[in-house]
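In what follows, residues are counted from 1 in the order of the sequence shown. Source: prediction; values computed, not measured.
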Amino acid sequence: MSTREGSLEAPKRHPIDWKNPDFYNEAHLTQEMERVFDICHGCRRCVNLCTAFPRLFDLIDEGSTGELDGVDKSQFAEVVDHCYLCDMCFMTKCPYVPPHEWNIDFPHLMLRAKAVKYKNKGAGFRDKLLSSTDLMGKLATIPVVVQTVNAVNKTPVTRKLMDSLLGIHADRKLPEYSANKFRVNATPNATFAVVNGAKTPGKVAIYATCYINYNEPGIGHDLLAILEHNEIPVCLVEKEACCGMPKLELGDLEAVETLKNKNIPPLLKLAQEGYAIISAVPSCTLMYKQELPLLFPHDEAVQTVAAAMFDPFEYLSLRNQDNLLKTNFIKSLGNVAYHIPCHQRVQNIGKKTRDILQLIPDTTIHTVERCSGHDGTWGVKSEFFADSMKIGRPVFKQMAAANPDYISSDCAIAARHIEQGIGENKAKKLHPLTLLRMAYGDCAEQRTQIDHGQPTVSATSLDEKNMTPITRDNLLTLEAYAKIRKDFRAQVMAHKKTRKISLGENITLIFEDALTIRYQIQEMLHVERIFQEQEIIHELEAYTPLVPDGSNWKATMMIEFPDPAIRAAKLATMVGIEDKVWVKIGEHASVYAIADEDLERENSDKTSAVHFLRFELTAEMIQSLRQGVPLSMGVDHPAYQASIDITDAGIRDSLLNDLTVVA
């Protein structure tokens, strides 16, 4: 018997010896379960993690002796079924994990039990179906089929049938399928120069994953936009199949090996070429980082791929440490309730998503670090739905307590589960990558779902509306806008080059007009999937006051310092700077900005990094501009001074188009 209680050494995972015939020896498995369960019974530290441990302790407490020997060994299977391999007991609670001499790895023992069960009994239709994510995605996203699948998944009658016939709980909100798969519609930009950092490769390959490809392709497009904004060359993995995590959780290790053999060769080629390989689904990233290397410890290709695999925010955080991440955020996010999923925690990378989101000005991140209880397909099953909601209840309460504007998790399935658990709430569910892309604003492009079968609309036809008042009637539907979005964005970005003024190194003015504001409104509707009439009207009311009225210029002012610490210090010295921005036309008196008429954007401690300005011009000033008098702009604040003469004919002409008042 050990005399040492617990261990101060770092947990160490041993390879899984699943090809050894003894791995499947039921008698030896039962002996090991007895040994481990008895230690767990004497400790009970993990009782609040999930329902596997409470089930074990209930079996013991309700047994004839109050000890493990009073439990019928056939009931051990109940503990196994309640374990969904989140790894939190190994990572956060158990004091007896390797290198402790008791060598407790509860999740891998449960994996062994699941593998033995699968080898001996196979799996039912439901479990095989749910774990075949790639096949389900291919079938469900056929254009003729996808609408029917999504409708069926939302119909109460069919959901009750699915509950009774398949064992998929009627109350579980299921993710929709998209007819516009990510890999088909993705446009990675590989044209940038490769800039390697001390900690990061300078080029990225994206492993799409089944979920991003078939369910939420917008997340993948957000990742592409973020990488493009940071001028990182990107490609897609040439060929990919499911990572194998659903089959692993089922215990079908032979299927895991089959999928490994399909995925590793193209991934190895990219790793050897110096790419960082990024997956936007934590479970898939973990599969390549940890599970496959433990299942195939002597496979050098698997180990090489594992070393090249990154979580998206892990990569971005390291990029930031290399001073190669752009932090020119122009949109604050308000209050964000952010959940760290278990399979990201197991990667031991720290709270990288939180760290990056905290760089966004005027944004508060409320972090919840606890299992949500869904875990892939486990929380979908009828027999475990109630348990999944029970496990998630503390997370639901903590996420809602922050009164957030957004709820977010790196695991999109966990986020949907949390949204369901919270119930009616003002908060919008958005992935952290979507939030980051939003914070970059117009600087970053997001391509999302492109629906087919809608009336054709061109960017040119939309341009004809640019100088007309923006009303509810002349906004495009989400479907119509998606069709012309890429071309329209290119048009707007070219237009903005004639609307952008730099005042020194750290202040930029973007002069708004009907085109730029129409673009912002359509983008907001598109990104946040807004289609309800009241919400559309709200966006119109928020943005249309930024369109110039004919006698003024209206501009977005951005204060940009890449380093967050320097930015915070500088903003503290710039209180009131938005009132010190001026334009001067010929010999007329300088016109100072009227700032932030929508809301107060500073306090006594610091100013905001973003302000909205209005410059009111007289008819005489406008007439002088038309006659070609000099135009200059600047800022005159004790902490920052800069000025510039506007001599570029394209910029002058563009700004003159805003002025329709005749002297």
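- Around the NZ atom of Lys570, the shell of radius 6.0 Å holds no more than 12 heavy atoms that belong to other residues, nucleotides or ligands.
- Taking the side chain as every heavy atom from C-beta outward, Thr327 and Arg567 approach each other to under 4.5 Å.
- A salt bridge links Glu231 to Lys326: one of the charged nitrogens lies within less than 4.0 Å of a carboxylate oxygen.
- With 3.5 Å as the limit, one finds a donor-acceptor pair spanning the side chains of Asp311 and Gln344.
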* Where do Tyr440 and Asn230 land on the side chain to side chain contact (heavy atoms under 4.5 Å, CB included) test, with the steps shown first? -> CA-CA 10 Å; Tyr440 277 132; Asn230 283 279; 3.3 Å; yes
* **Stepwise side chain to side chain contact (heavy atoms under 4.5 Å, CB included) test for Phe511 and Ile651** => CA-CA 10 Å; Phe511 283 84; Ile651 294 177; over 6 Å; no
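- Distance alone, capped at 3.5 Å, places no donor-acceptor pair between the Arg437 side chain and the His221 backbone.
- The distance from atom OG1 of Thr364 to atom CD of Gln358, rounded to the nearest 0.5 Å, is 9.0 Å.
- Side-chain atoms of Asp513 come within 3.5 Å of backbone N or O of Thr516 as a donor-acceptor pair.
- Side chain of Asn506 to backbone of Glu560: a donor-acceptor contact under 3.5 angstrom is found.
- When all heavy atoms of Pro545 and Lys554 are compared, the closest pair comes out as O-NZ, 2.6 Å.
- Checking side-chain atoms of Gln522 against main-chain N and O of Leu476 turns up a donor-acceptor pair under 3.5 Å.
- Residues Lys429 and Ile418 are not in side-chain contact: their nearest non-hydrogen atoms beyond the backbone lie 4.5 Å or more apart.
- For the pair Ser332 and Ile360, the tightest heavy-atom approach, listed with the atom from each and the gap, is CA-CG2, 4.2 Å.
- Proximity of a side-chain donor or acceptor of Asn213 to a complementary backbone N or O of Arg183 within less than 3.5 Å is detected.
- By the side chain to side chain donor-acceptor pair (under 3.5 Å) test, Lys397 is found to be paired with no residue, residues two or more places apart in sequence or in another chain being considered.
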* Start with the C-alpha distance between Lys331 and Gln520, add both sets of side-chain angles, then the distance that settles side chain to side chain contact (heavy atoms under 4.5 Å, CB included), and finish with yes or no. => CA-CA 12 Å; Lys331 177 180 173 61; Gln520 290 189 50; over 6 Å; no
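- A side-chain donor-acceptor contact under 3.5 Å links Gln347 to the backbone of His343.
- Looking at heavy atoms from C-beta onward, Ile330 lies out of side-chain contact with Thr556 at the 4.5 angstrom threshold.
- Defined by atom type and a distance below 3.5 Å, a donor-acceptor pair is present between the side-chain atoms of His229 and Asn328.
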* To do: Take Glu369 and Arg354, measure what salt bridge (Lys or Arg N to Asp or Glu O under 4.0 Å) needs, and give me the verdict at the end.
  => CA-CA 11 Å; Glu369 192 173 10; Arg354 179 206 63 181; over 6 Å; no
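- Figure legend: cation-pi geometry between Lys428 and Tyr406 absent, as NZ or CZ is not positioned both under 6.0 Å from the six-membered ring centre and within 45° of its axis.
- In this structure, Glu535 places its CD atom where more than 12 heavy-atom neighbours from other residues, nucleotides or ligands lie under 6.0 Å away.
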* Asked: Would Tyr214 and Met136 satisfy side chain to side chain contact (heavy atoms under 4.5 Å, CB included), going step by step from the backbone distance to the final call?
  -> CA-CA 9 Å; Tyr214 300 120; Met136 285 181 62; over 6 Å; no
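- Under the 4.5 Å side-chain criterion, counting only non-hydrogen atoms from C-beta, Leu515 is in contact with Val492.
- Interatomic distance, Cys210 SG to Lys181 NZ, rounded to the nearest 0.5 Å: 12.5 Å.
- In this structure, the side chain of Arg499 engages the main chain of Glu512 through a donor-acceptor pair within 3.5 Å.
- There is a side-chain donor-acceptor pair under 3.5 Å between Thr200 and Asp322.
- Within the 4.5 Å cutoff, the side chain of Arg172 has heavy atoms near those of the Ser388 side chain.
- Taking each heavy atom of Ile470 and Ala514 in turn, the nearest pair found is CD1-O, 3.6 Å.
- A salt bridge links Asp362 and Lys606; the closest N-O separation between the charged side-chain nitrogens and carboxylate oxygens is under 4.0 Å.
- A donor-acceptor pair under 3.5 Å links the side-chain atoms of Asn150 to the main chain of Tyr177, judged by distance alone.
- In summary, the side chains of Arg370 and His339 do not present any donor paired with an acceptor at a separation below 3.5 Å, with no hydrogens or angles considered.
- Between Tyr519 and Met493 the shortest heavy-atom distance is CE2-CE, 3.9 Å.
- Closest approach of His495 and Ser654 over heavy atoms only: CE1-OG, 4.0 Å.
- Considering CG of Asp355 and CG of Leu359, their distance stands at 7.5 Å, rounded to 0.5 Å.
- A side-chain contact (heavy atoms from CB on, under 4.5 Å) with Val234 holds for exactly one of Asn189, Leu223, Thr187, Leu224; it is Leu224.
- The distance from atom CZ of Phe313 to atom CG of Leu357, rounded to the nearest 0.5 Å, is 5.0 Å.
- By the 4.5 Å heavy-atom criterion applied to side chains, Leu318 and Phe310 are counted as neighbours.
- Checked by atom type, the side-chain pair Lys173/Gln420 shows no donor-acceptor distance below 3.5 Å.
- The OG atom of Ser408 lies 11.5 Å from the CD atom of Glu419; values are rounded to the nearest 0.5 Å.
- Considering every non-hydrogen atom in both Glu578 and Leu613, the closest pair reads O-CD2, 3.8 Å.
- Counting heavy atoms from C-beta outward, Met557 and Leu509 have side chains that approach closer than 4.5 Å.
- Residue Phe561 holds its CZ atom at 7.0 Å from CD1 of Ile507, rounded to the nearest 0.5 Å.
- The main-chain N or O of Leu655 is found under 3.5 Å from a side-chain atom of Trp553 such that the two form a donor-acceptor pair.
- Shown here are the side chain to side chain contact (heavy atoms under 4.5 Å, CB included) partners of Glu539, two or more places apart in sequence or in another chain: Met524, Leu525, Ile530, Tyr543.
- Among the candidates Lys352, Lys199, Lys289, the single residue satisfying the salt bridge (charged side-chain N to carboxylate O under 4.0 Å, His left out) test with Glu314 is Lys289.
- Looking only at distances, a side-chain donor or acceptor of Asn215 sits under 3.5 Å from a matching main-chain atom of Glu176.
- Glu541 places a side-chain heavy atom less than 4.5 Å from the side chain of Ile537.
- For Glu505, the CD atom sits in a loose shell: 12 or fewer heavy atoms of surrounding residues, nucleotides or ligands are nearer than 6.0 Å.
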